[in-house]
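Quick caveat: nothing in here was measured; it's all calculated off a predicted structure. Reminder, nothing fancy here: chain letters follow the sequence lines and each chain counts from 1.
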Amino acid sequence: MRIVEETPYRFRIDRTGAMRVPGIVFAARSLLPAAEGDEALTQVANVATLPGIVTASFAMPDVHWGYGFPIGGVAATDIDDGGVVSPGGVGFDISCGVRLLIARDADRSALAPRLGPLMDRLGHVVPRGMQTRGVWELPNRTVLHEVLEGGARFAVQQGHGVVRDLERCEDRGVLDGADPAAVSDRAVERGLGQLGSLGSGNHFLEVQAVERIFDPDTARPMGLDVGTVCVMIHCGSRGLGHQICTDHVREMGKAMGRYGIHVPDRQLACVPVRSPEGEAYLGAMVAAANYGRANRQLLTEAARRVFEDTAGTTLDLLYDISHNLAKLERHEVDGRLRTLCVHRKGATRSLPPRHPDVPADLVDVGQPVLIPGTMGTASYVLAGIAGNPAFYSTAHGAGRVQSRHRAARHTDGRAVRDALESHGVLVRGSSWRGLAEEKPQAYKDIDAVTEVSERAGLARRVARLVPLGVVKG
DNA sequence: ATGTCC
């Protein structure tokens, strides 16, 4: 496999073999994996073989190895030209995403004396870790089905939030087309008790402060200034989404042959979007997406109660965005407007100014793009820009450079906590093993990832946020 | 990511 440097921030994998389109990697030499034989870049090339794929198999600056598709991958298929949908292009944690809340009445210096008690309270009320119960244990399947169909909108209707929250959610907090019948009994069982919980791995709830503004004219309407206190919530659809992915990968693996589809990796199981199996997956995926959005909404309410009680401040939602999702979108390809199934796996949608799906009061600046770093490092707010070449997508995080296993091999989670606290970041963890797996050294440099995202023409940096305290899944 | 393998 040959990597061609098109510009310092854009690399091309030329078509070979069964590839239908080239691979395009937005990165810098310093972020690019050791080119030949790299697993993530091989996955970029594998994705390029999928039926109906258009333009290119894209990789974002945080690309790394994943299940079938790379994490940090974007692939769009033309649904009227045999285009497929692949659960591997969404990921196991369907609708995993980020929301950012802004504290209205307390800046960093005002909050400082109360940070310890605040983190203690957050640590007490935010459910996290494997197999945890959520803050809203659903009484029965009927209510769960309402979550699957209504997402964050249903949560707000039930009193868990305010209407303004929905104006700042992707798709106003709910995607149409959920099909609870395509969600297995086992997925439902797993989903009943976990709504309003972080989970584990890289998921977190973090108290942050704006440390630097890159673009004041965009930061101002977003409500961000140096010293502004924020809460970032990163979580997904827990066991429900995981089970849906597992179920539908299995079904697609069996059905693929009937559609004459052959892929270079069985983890790329896929079927045409316009097929019974494809529609079933998308209906179940939308249900999980709505569950993930309701999950973040419930955790928002838990954080709000703590901030109001402990610091006397209200939390306003800046934006909520998923970075693991496939969406049917209209895009112009080769001069023709087409309906595409855009897979974003570890990639953030980033709509430009004046796009109709950007919240009305932010339409002049573009969609907020939320990019968390790893525990103890910075996170970023960016804004979508016109001319994004990857179906309006950009990076989603720092991106791993070490596997979980390698990260934890010679590291004690206590040492990770101590190092963070010595830098003034309060840590409320879930497991020592988990902290070791998430040590900052296991990830790429988030400053580099976001700088390259900007230089590659994917988005523009607005603000850099630093952590004050982290509740870790 | 995940009742870290039905």
Measure from CD1 on A/Ile94 to C1' on B/dT2 and round the result to the nearest Å. 12 Å

Can you tell me the distance, in whole Å, between the NE2 atom of A/His405 and the C1' atom of B/dT4? 13 Å

Look at all strands and tell whether A/Gly236 reaches a base, only sugar-phosphate, or nothing, counting heavy atoms closer than 4.0 Å. nothing

Heavy atoms under 4.0 Å, any strand shown: does A/Gln194 hit a base, just sugar-phosphate, or nothing? sugar-phosphate

Residues pairing under ring-ring contact (aromatic ring centres under 6.0 Å, His included) where one sits in residues 175-194 of chain A, two or more places apart or in two chains, turn out to be none

With the threshold set at under 4.0 Å for non-hydrogen atoms, list the residues of residues 241-256 of chain A touching DNA chain B in residue-number order. A/His242, A/Gln243

Whether the A/Arg349 and A/Gln367 side chains hold a donor-acceptor pair (N or O, under 3.5 Å, no angle test) is what I'd like checked. yes

If we ignore angles and hydrogens, is there a donor and acceptor under 3.5 Å between the side chains of A/Arg464 and A/Tyr380? yes

Can you tell me which residue pairs pass the ring-ring contact (aromatic ring centres under 6.0 Å, His included) test with a partner in residues 401-421 of chain A, sequence neighbours excluded? none

Looking at every strand, decide which applies to A/Gly91 at a 4.0 Å heavy-atom threshold: base, sugar-phosphate, or nothing. nothing

Please tabulate, for the side chains in residues 171-180 of chain A, all donor-acceptor contacts under 3.5 angstrom to protein atoms that are two or more places apart in sequence or on a different chain.
from: A/Asp171; atom 1: OD1; to: A/Lys327; atom 2: NZ; distance (Å): 3.1
from: A/Asp171; atom 1: OD2; to: A/Arg293; atom 2: NH1; distance (Å): 3.2
from: A/Asp171; atom 1: OD2; to: A/Arg293; atom 2: NH2; distance (Å): 2.9
from: A/Asp171; atom 1: OD2; to: A/Lys327; atom 2: NZ; distance (Å): 2.9
from: A/Asp179; atom 1: OD1; to: A/Ala181; atom 2: N; distance (Å): 3.1

Residues A/Arg344 and A/Glu329 bridged, charged N to O under 4.0 Å: yes

Can you list, by residue number, the residues of residues 178-187 of chain A that have a non-hydrogen atom closer than 4.0 angstrom to DNA chain B? A/Arg186

Compare side-chain N and O positions of A/Arg404 against OP1 and OP2 of B/dT4 and report whether any pair is under 4.0 Å apart. no

To the nearest angstrom, the OH-P distance between A/Tyr67 and B/dT4 comes to 16 Å

Side chains of A/Asp62 and A/Tyr443: donor-acceptor distance under 3.5 Å anywhere? no

Write out all pairs satisfying ring-ring contact (aromatic ring centres under 6.0 Å, His included) with one or both partners inside residues 268-307 of chain A, taking only residues at least two apart or from two chains. A/His248-A/Tyr281

I need the CZ-C1' distance between A/Arg433 and B/dT4, as an integer number of Å. 10 Å

Taking CE from A/Met130 and P from B/dT4, how many angstroms apart are they, rounded to a whole number? 5 Å

Does B/dT2 have its OP1 or OP2 closer than 4.0 Å to a side-chain nitrogen or oxygen of A/Ser200? yes

Is the shortest distance from a Lys or Arg side-chain nitrogen in A/Glu454 or A/Arg460 to a carboxylate oxygen in the other one below 4.0 Å? no

Figure out the CZ/C1' separation between A/Arg238 and B/dT4, and round it to whole Å. 13 Å

Rounded off to whole Å, could you give me the CD-to-C1' distance for the A/Gln131 and B/dC5 pair? 14 Å

